[in-house]
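Worksheet: the structure to be examined is printed underneath.
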Protein chains: 2
Amino acid sequence: MKKNSRLSAVLHALLHMAERHAPMTSDELAACLSTNPVVVRRTMAGLREAGLVSSGRGHGGGWTISRDLSTITMRDVYSALGEPMLFQIGHAEEMPGCLVEQAVNHALDDAMRDAEALLVARLGEVTLDIIAADFITRAKARKLTLSTDTT
Amino acid sequence: MKKNSRLSAVLHALLHMAERHAPMTSDELAACLSTNPVVVRRTMAGLREAGLVSSGRGHGGGWTISRDLSTITMRDVYSALGEPMLFQIGHAEEMPGCLVEQAVNHALDDAMRDAEALLVARLGEVTLDIIAADFITRAKARKLTLSTDTT
DNA sequence: TCGAATCGTAACAATAATAGTTACATGAAA
DNA sequence: TTTCATGTAACTATTATTGTTACGATTCGA
């Protein structure tokens with residue numbers, strides 16, 4: 001199966017929206033994300049329901065971020081997407097009759113539960129303004145490289 | 001995408017093989033795992049290369065576990081499978097030119113790296129004899145339930 | 001009021017990863 | 001030498017994600 005890249009995509013979109021202080025259309029965001037405007041609408045729908053963004057139709061419409069970047073964590077965004085499954089690995093059978101398989105599932109679940117909790121906690125520690133600050137650092141570094149690069 | 005259930009499946013297989021002190025054929029294992037003997041061979045091939053099991057052809061052939069359950073961790077088995085990707089979520093683009101996307105990828109990678117390390121460490125803490133002991137506990141509990149259950 | 005811009009959404013196609021199946025070759029034991 | 005069993009390649013089936021097409025609904029501005 002393909003990997004789920006929705007979290008990555010909407011984080012990218014939110015940061016572009018925050019940079020620009022006017023609504024961005026689905027077409028514009030699709031160009032940023034190298035995807036399709038329908039995919040943008042479909043994915044952003046969850047964020048709208050969660051109150052992270054608002055959308056407007058017609059002339060001058062588009063997507064606007066509703067909250068300050070410092071008040072949104074990656075976990076908020078993950079939740080707004082409906083908390084998709086994080087792990088690629090899973091059980092062969094969910095409710096096995098075989099007691100051996102039950103014991104295996106239980107051992108795997110224990111390990112995965114801890115890892116999932118840690119990941120979600122980490123997502124909750126990162127607000128989007130932190131990522132925006134990292135972007136600015138990278139932009140400065142690139143400028144510096146361009147102006148001193150002799151290749 | 002379908003979930004990867006190979007780790008679950010081979011753990012299940014290894015425990016059945018350990019219970020039985022004779023080689024088990026791919027057909028027998030396939031019946032235990034509700035799958036196909038070719039899938040069993042394909043998946044077990046990695047464990048054979050890692051030295052966890054051996055296989056024999058012809059009459060009396062089949063699969064035998066090579067090491068004591070107490071010397072094999074879930075992590076060993078995971079490694080023998082080629083350390084498949086653990087996460088369902090990922091980046092939209094691996095090497096983006098967009099600095100915003102680079103910053104997003106970096107933030108996600110940080111969180112996922114920690115979670116992956118924890119999961120792999122947890123897998124390394126569980127030896128297969130621990131799972132076998134849990135199986136025995138479950139078997140006793142089921143017997144007890146059967147003998148006292150009045151429904 | 002009309003028309004262009006824009007989102008909302010359903011339905012369908014494309015892509016990719018896993019798992020299952022068929023077919024046949026290889027090797028070992030009775 | 002026949003039967004049992006693995007080894008493996010090639011193909012199919014299944015499933016989740018992503019992309020596309022089509023059309024309806026709403027909003028703004030001329």
Side-chain angles (χ1 to χ4, degrees), chain A residues 1-10 12-13 17 22-49 53-66 81-94, chain B residues 1-10 12-13 17 20 22-49 53-66 78 81-94:
Chain A
M1 163 185 27
K2 278 182 186 172
K3 278 198 177 176
N4 181 332
S5 60
R6 276 169 275 192
L7 179 56
S8 163
V10 294
H12 187 182
M17 288 161 59
M24 282 186 80
T25 66
S26 302
D27 277 338
E28 289 168 333
L29 286 171
C32 285
L33 308 188
S34 306
T35 181
N36 186 295
V38 178
V39 174
V40 170
R41 291 188 200 114
R42 190 195 286 157
T43 312
M44 298 286 285
L47 305 209
R48 181 182 51 227
E49 283 159 28
V53 301
S54 60
S55 62
R57 304 209 239 201
H59 274 281
W63 299 90
T64 315
I65 195 163
S66 306
L81 290 174
E83 307 193 348
M85 292 303 305
L86 293 174
F87 290 105
Q88 176 93 4
I89 64 176
H91 305 325
E93 206 178 342
E94 281 313 316
Chain B
M1 158 185 31
K2 276 181 187 171
K3 277 198 177 176
N4 180 332
S5 60
R6 275 169 275 193
L7 179 55
S8 163
V10 294
H12 188 182
M17 288 161 60
R20 164 106 64 104
M24 283 186 80
T25 66
S26 302
D27 277 334
E28 289 169 333
L29 286 171
C32 285
L33 308 188
S34 307
T35 181
N36 187 294
V38 178
V39 173
V40 170
R41 291 187 199 114
R42 191 193 287 158
T43 312
M44 298 286 286
L47 305 207
R48 182 182 50 229
E49 284 159 26
V53 301
S54 61
S55 63
R57 304 211 240 201
H59 273 281
W63 299 90
T64 316
I65 195 163
S66 305
Y78 168 66
L81 291 175
E83 306 192 349
M85 291 304 306
L86 293 174
F87 291 105
Q88 176 94 1
I89 64 175
H91 303 326
E93 205 179 341
E94 281 314 316

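In what follows, chains are A, B, ... by sequence order, proteins preceding strands, each numbered from 1. Keep in mind it's a predicted model, so treat the numbers as computed, not measured.
Rounding to whole angstrom units, CG of residue B/Leu7 and C1' of C/dT18 are separated by 15 Å. Computed from coordinates, the B/Gln88 CD to C/dT18 C1' distance equals 11 Å when rounded to whole Å. Distance B/Ile89 CD1 to D/dT18 P: 11 Å, rounded to the nearest Å. What separates CG of B/Asp27 from P of D/dC4 is a distance of 11 Å, to the nearest Å. Spacing between atom CE of A/Met85 and atom P of C/dT18 amounts to 15 Å, rounded to whole angstrom units. D/dC4 atom P lies 18 Å from atom CG of B/Leu29, rounded to whole Å. If you measure from atom CD of B/Glu28 to atom C1' of D/dC4, you get 12 Å, rounded to the nearest angstrom. A/His91 has its NE2 atom 14 Å from the P atom of C/dA19, to the nearest Å.
A close approach under 4.0 Å does occur between a side-chain nitrogen or oxygen of A/Ser55 and OP1 or OP2 of C/dG8. Within the structure, every side-chain polar atom (N or O) of A/Arg41 is placed at least 4.0 Å from both OP1 and OP2 of C/dG8. The phosphate of D/dA5 (OP1 or OP2) has no side-chain N or O of B/Ser26 nearer than 4.0 angstrom. Taking only side-chain nitrogens and oxygens, A/Ser5 never comes nearer than 4.0 Å to OP1 or OP2 of D/dT17.
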Considering only nitrogen or oxygen atoms on both sides, find all protein atoms under 3.5 Å from nucleotides 9-12 of chain D and state each distance.
from: D/dA10; atom 1: N6; to: B/Arg42; atom 2: NH2; distance (Å): 3.3

Dump the pairs, protein N or O against N or O of nucleotides 26-30 of chain D, anything under 3.5 Å, distances to one decimal.
none

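The two atoms that bring B/Asn4 and B/Pro84 nearest to each other are ND2-CB, 3.6 Å, heavy atoms only. Heavy atoms only, all atoms of each residue included: A/Arg41 and A/Trp63 are closest at CA-CZ2, 4.0 Å. Nearest heavy atom pair, residue B/Ile89 against residue A/Met85, reads CG2-O, 4.0 Å. Closest heavy-atom contact between B/Thr64 and B/Met17: C-CE, 3.5 Å. Across A/His12 and A/Leu33, no two heavy atoms sit closer than the pair ND1-CD2, 3.4 Å. Between B/His91 and B/Glu94, the shortest heavy-atom contact is CD2-OE1, 3.3 Å.
How far CG of B/Asn36 is from CG of B/Asp27: 8.5 Å, rounded to the nearest 0.5 Å. The distance from the OG atom of B/Ser54 to the CE atom of B/Met44 is 9.5 Å, given to the nearest 0.5 Å.
Of the two residues contacting DNA chain D, namely B/Thr25 and B/Lys2, the nearest-nucleotide position lying further toward the 5' end is that of B/Thr25.
Comparing D/dT6, C/dA19, C/dG8 by their nearest atom to the side chain of B/Arg6 picks out C/dA19. Comparing atom distances between the B/Arg48 side chain and each of D/dG7, D/dT20, C/dG8 picks out D/dG7 as nearest.
B/Leu47 is listed as a side-chain neighbour of B/Leu81, based on a closest heavy-atom distance under 4.5 Å.
No donor-acceptor pair under 3.5 Å is formed between the side chain of A/Ser5 and the backbone N or O of A/Ser8.
Within 4.0 Å of B/Asn36, counting heavy atoms only, lies at least one base atom of the nucleic acid.
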